[in-house]
Amino acid sequence: MLYRVIDAHELPALVQAFMCDYEVIAPVRSGKSFAFEAIDSFDDIVLDYPTTLTSLKKYYLPPRETLFEYDMVDGVTDYRMEVRPRVLFGAHACDINAINALNLVFEDPRYPDPYYEAHKKATMIVGISCMPGDSCFCHLLDAGEVRSGYDLFLADIGGRYLVSIGSVEGADILEAACDPREATDEDRRAFRDYTRRRQRAFNEDIPSVQEIPMLMDAFHSDDFWEELGSRCLNCTACSSVCPTCYCFDIRDVLDPSGKTGRRERVWDACTSPQFALVTGGHNFRPGPRERVRHRMYHKLNGFNAKHGRYLCVGCGRCVKACKADISPIEVLRFFEQKGIEDGERDAD
Amino acid sequence: MPTSTQVAVGPLAHAGSVLDGAQLMAENPYRPWEARITSITPLTENEKLFEFRLIDERIRDAFHHEPGQFVEVSIFGVGEAPISISSSPSKSGFIELCVRRMGEFTTRLHQMQCGDIVGLRGPYGRPFPFDDMRGHDVLLVAGGLGIAPLRSLINNIHDERSDFGNVTIIYGSKNPGEVMFREQFEMWRHRKDFDLYLTVDNPDDTWDGEVGLVTAPFAHLDVDARNTFGAICGPPVMYRFVVEEMRKKGIPYDRIYMSFERHMKCGMGKCGHCQVGHQYCCIDGPVFNYWEAKNIQGSM
Ligand SMILES: Cc1cc2nc3c(=O)[nH]c(=O)nc-3n(C[C@H](O)[C@H](O)[C@H](O)COP(=O)(O)OP(=O)(O)OC[C@H]3O[C@@H](n4cnc5c(N)ncnc54)[C@H](O)[C@@H]3O)c2cc1C
Ligand code: SF4
Ligand code: SF4
Ligand code: FES
């Protein structure tokens, strides 16, 4: 991987260069918060934005997506979906890590997903460094830094950016639009200062816990889940805002004629009561205890078993979205409490 | 230079394609392939056996399944449902599904006629270990509709009967009227191909089989534990009891196979519906052995 330095005043030219050929999607102010939206001017971008309300997953897995169209009698008819080239400009490390996790599912070589692939192939990513907010805990789940999955990553080192170049396409545009130079000793020092400052800025009230997957297993039948689950309102907000929740439903939608229709996939959530219900009325996760636990278990244990990484990137979105105060942070707190109790017992 | 990407699906996209059937199916695994209903046999009040033939010859030639696998069946305009393949792989060119009328999808399927078109995609899932079972005794236990996937295994064993030792089928139903494929099984019993125990919970005057739970016949069953594979399929409550009986007979943990039912949508390890613990029932299962099942949080 190559690293170069550009000056901050070169950034508009970089965005401008993307605008020629790509739809540029970037963080903008949206009411009291921030959101990713298509922009047509560099000035709309808020470079030092706090985590957006919703994530970038919609650009890979739209909330509602047509898979194909059909005639009710004869079957599949012709359908074509097209994705125009676009760039996600200004993605934070956690969000790029989230897309890297989604890739593992949708690019699984057994069943590569053609729709996801189409979105992915048309999408470039330019990442940007950030300072953690109150509910950020990416650093506790190996997602605070990102080492792949972007075309360019811009680290703000004060009036200039240390640019990590992740792809040839990214390098081409960077070179055409800016005047990238090699990093000096001073640039490297500035980068080190930045990473230290960032490391110190994380909310220390969120406990750092070792061996989370093991604890998820050990406390699988603990009453904690009853207490946590009993607060759940089944609203599924957590899954909607989560950059790594990828569950979906597949549905048929008929046209007004009643003769033709389309098959769609729409976001679904394991916190929804019917999610594991089968015909005949048996529900494999009948209560909020089982559902909330399952969501956490998949993120903090199950996905690790399959893919060697967490399915939570610690972005903190569900921490803010959940009206019932249910989030991975609560799980970490519970484990920390258990650890303290163990310590007290050892001391006896 | 950046380019747009696209997904094209439909007759135009595949008519002139140079891809073979397997490649066509892989190109877009969400696309169901049209299949015609070629025969419908009512089995009980609520169950029918459907036979399908895939229309596109390339797909038909590329479609191979193993016992224990399932397909996603489409009724265009209604939706999809996962259904176990009930026929033996040896019955090539045709696919049989045994379907119980439950809710909207299965009711609509029951209303369809010969010649009507549905969509099929698959086959999905991990099958029973048919080749490992060769040379061994096999003890098959089905409860109710669980006979549908097991029938594929039973028929396949029957096709290659000389490769197997003693084969025992225990098949439990609620009522005598719900017993499926009885004539065929009785004929095979008569020809000493299989040992057969049919049990019902609620017998009527005509019933001459056993009465009681599907575990009842275990009492007088002689099992060569070191040489036996178990295969179980039935309603969720049944597994624990049958596994217990098989363990009592001494069948090793990793030779007791069972097929799990879960809510399924995609069949490809993506939609999340079928998850148990860290596993996806659709691609890691639906067939698991007991040792694996014990190692999945929340599976039994
Ligand atoms: C691996 C597997 C094999 C199966 N094999 C057979 C078989 O051989 N014969 C048979 O009759 N049935 C089988 N089933 C059950 C069958 O899929 C359901 O009976 C069917 O989906 C019910 O649809 P419905 O619209 O009639 O019922 P409803 O209760 O009206 O609808 C249930 C809804 O949940 C969805 N769903 C997805 N998976 C399931 C599920 N497992 N159970 C219930 N609903 C589900 C359906 O698509 C539908 O949208 C199998 C299920 C699985 C998972
Ligand atoms: S955990 Fe919170 S956000 Fe998620 S469904 Fe329950 S109440 Fe809603
Ligand atoms: S579970 Fe919550 S904190 Fe973790 S990635 Fe999802 S939204 Fe972010
Ligand atoms: S059915 Fe979709 S993940 Fe298994």
Side-chain angles (χ1 to χ4, degrees), chain A residues 21-22 67-85 105-106 108 110-111 113-115 117-119 121-122 124 169 217 220 246-252 254 258 261 263 265 268 270 275-280 282 284 290 294 297-298 301-306, chain B residues 1-14 26-35 55 72 74-81 100 102-103 105-106 116-119 235-237 261-280 283-284 297-298:
Chain A
D21 297 314
Y22 299 83
L67 299 174
F68 56 85
E69 295 176 339
Y70 53 77
D71 175 290
M72 276 183 71
V73 178
D74 294 326
V76 179
T77 53
D78 288 305
Y79 170 75
R80 192 179 292 266
M81 69 87 108
E82 194 171 309
V83 193
R84 286 196 299 129
V105 176
F106 289 94
D108 180 331
R110 287 175 290 186
Y111 295 105
D113 188 294
Y115 305 91
E117 291 281 298
H119 290 295
K121 280 205 189 97
M124 287 183 79
E169 218 178 342
D217 181 60
H220 195 261
Y246 54 81
C247 289
F248 57 83
D249 191 11
I250 300 180
R251 291 181 195 161
D252 280 32
L254 275 184
R263 183 157 297 159
R265 71 165 154 206
D268 204 345
C270 64
F275 194 77
L277 179 73
V278 296
T279 312
H282 188 83
F284 286 94
E290 291 84 11
H294 177 75
Y297 186 82
H298 185 218
N301 172 311
F303 198 79
N304 300 56
K306 283 267 177 266
Chain B
M1 260 314 279
T3 47
S4 300
T5 55
Q6 60 177 32
V7 176
V9 46
L12 274 180
H14 76 260
E27 188 187 41
N28 190 332
Y30 292 94
R31 186 219 199 277
W33 292 90
E34 291 78 2
I55 291 173
E72 282 287 346
S74 283
I75 301 177
F76 297 103
V78 179
E80 281 187 305
R100 174 179 290 176
M102 298 290 291
F105 179 92
T106 48
D116 285 351
I117 288 174
V118 301
V237 290
E261 185 187 350
R262 285 294 187 279
H263 191 124
M264 292 188 186
K265 283 290 175 185
C266 70
M268 300 184 279
K270 307 217 184 311
C271 76
H273 280 270
C274 71
Q275 267 180 7
V276 251
H278 65 288
Q279 302 284 40
Y280 288 102
I283 49 173
D284 301 316
Q297 269 295 10

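Proteins come first, then strands; the chains are lettered A, B, ... in the order of their sequence lines, and each starts at number 1.
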Part of [X] lying under 4.5 Å from any heavy atom of chain B:
X: A:Arg251; result: neither
X: A:Lys306; result: side chain
X: A:Tyr246; result: both
X: A:Leu254; result: side chain
X: A:Phe106; result: both

Do the side chain of A:Tyr297 and the main chain of B:Gly277 share a donor and acceptor less than 3.5 angstrom apart?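 Not confirmed, A:Tyr297 side chain does not pair with B:Gly277 backbone.
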Do any N or O atoms from the side chain of B:Thr5 and from the backbone of A:Ala118 form a donor-acceptor pair under 3.5 angstrom?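 Flag set: sc B:Thr5 to bb A:Ala118 pair under 3.5 Å.
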What part of [X] is in contact with chain A, defined as an atom under 4.5 angstrom from a non-hydrogen atom: side chain, backbone, both or neither?
X: B:Cys266; value: both
X: B:Pro11; value: both
X: B:Glu27; value: backbone
X: B:Pro235; value: neither
X: B:Thr106; value: neither
X: B:Val78; value: backbone
X: B:Asp284; value: side chain
X: B:Ile75; value: backbone

Close side-chain approach of B:Gln275 to A:His298, heavy-atom, < 4.5 Å: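 SC-SC contact between B:Gln275 and A:His298 confirmed.
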Between B:Gly103, B:Ala13, B:Gly119, B:Pro236, which has the largest tally of heavy atom pairs under 4.5 Å with chain A?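 Highest number of pairs under 4.5 Å: B:Pro236.
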Carboxylate-amine/guanidinium contact A:Asp249 B:Lys265, below 4.0 Å: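 So A:Asp249 pairs with B:Lys265 through a salt bridge.
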Under the side-chain contact (heavy atoms from CB on, under 4.5 Å) criterion, do A:Val83 and B:Gln6 qualify, and how do the steps go? CA-CA 6 Å; A:Val83 193; B:Gln6 60 177 32; over 6 Å; no
Among B:Met264, B:His273, B:His263, which one satisfies side-chain contact (heavy atoms from CB on, under 4.5 Å) with A:Val278?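 Per the side-chain contact (heavy atoms from CB on, under 4.5 Å) rule, the option paired with A:Val278 is B:His263, out of B:Met264, B:His273, B:His263.
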Decide side-chain contact (heavy atoms from CB on, under 4.5 Å) for B:Ile283 and A:Tyr111; before the verdict, give the C-alpha distance in whole Å, the side-chain angles of both, and the deciding distance to 0.1 Å. CA-CA 10 Å; B:Ile283 49 173; A:Tyr111 295 105; 3.8 Å; yes
Start with the C-alpha gap between B:Lys270 and A:Asp108, add the side-chain angles, then the distance that decides, and say whether side-chain contact (heavy atoms from CB on, under 4.5 Å) holds. CA-CA 9 Å; B:Lys270 307 217 184 311; A:Asp108 180 331; 4.0 Å; yes
Looking at A:Met72, A:Met81, A:His119, which one has more heavy-atom pairs under 4.5 Å with chain B than the rest?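 Top count of heavy-atom pairs under 4.5 Å with chain B: A:Met81.
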Check step by step if side-chain contact (heavy atoms from CB on, under 4.5 Å) holds for A:Val76 and B:Trp33. CA-CA 8 Å; A:Val76 179; B:Trp33 292 90; over 6 Å; no
Quick check with a 6.0 Å cut-off and a 45 degree axis cone: is B:Arg262 positioned over the face of A:Phe284's six-membered ring?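 Yes, B:Arg262 lies over the aromatic ring of A:Phe284.
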Holding to side-chain hydrogen bond (donor to acceptor under 3.5 Å, both in side chains), I want the full list of residues that pass it with B:Asn28, two or more places apart in sequence or in another chain.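 B:Asn28: side-chain hydrogen bond (donor to acceptor under 3.5 Å, both in side chains) contacts with A:Tyr115.
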For A:Glu69, enumerate each residue passing the side-chain hydrogen bond (donor to acceptor under 3.5 Å, both in side chains) test, keeping only those at least two apart in sequence or located in another chain.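 A:Glu69: no side-chain hydrogen bond (donor to acceptor under 3.5 Å, both in side chains) contacts found.
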With side chain to side chain donor-acceptor pair (under 3.5 Å) as the criterion, how do B:Tyr30 and A:Arg265 come out once you've worked through the C-alpha distance, each side chain's angles and the decisive distance to 0.1 Å? CA-CA 10 Å; B:Tyr30 292 94; A:Arg265 71 165 154 206; 2.9 Å; yes
Side-chain H-bond candidate by donor/acceptor type, B:Arg100 with A:Thr279, under 3.5 Å: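 No pair is found: no donor N or O on one side chain lies under 3.5 Å from an acceptor on the other.
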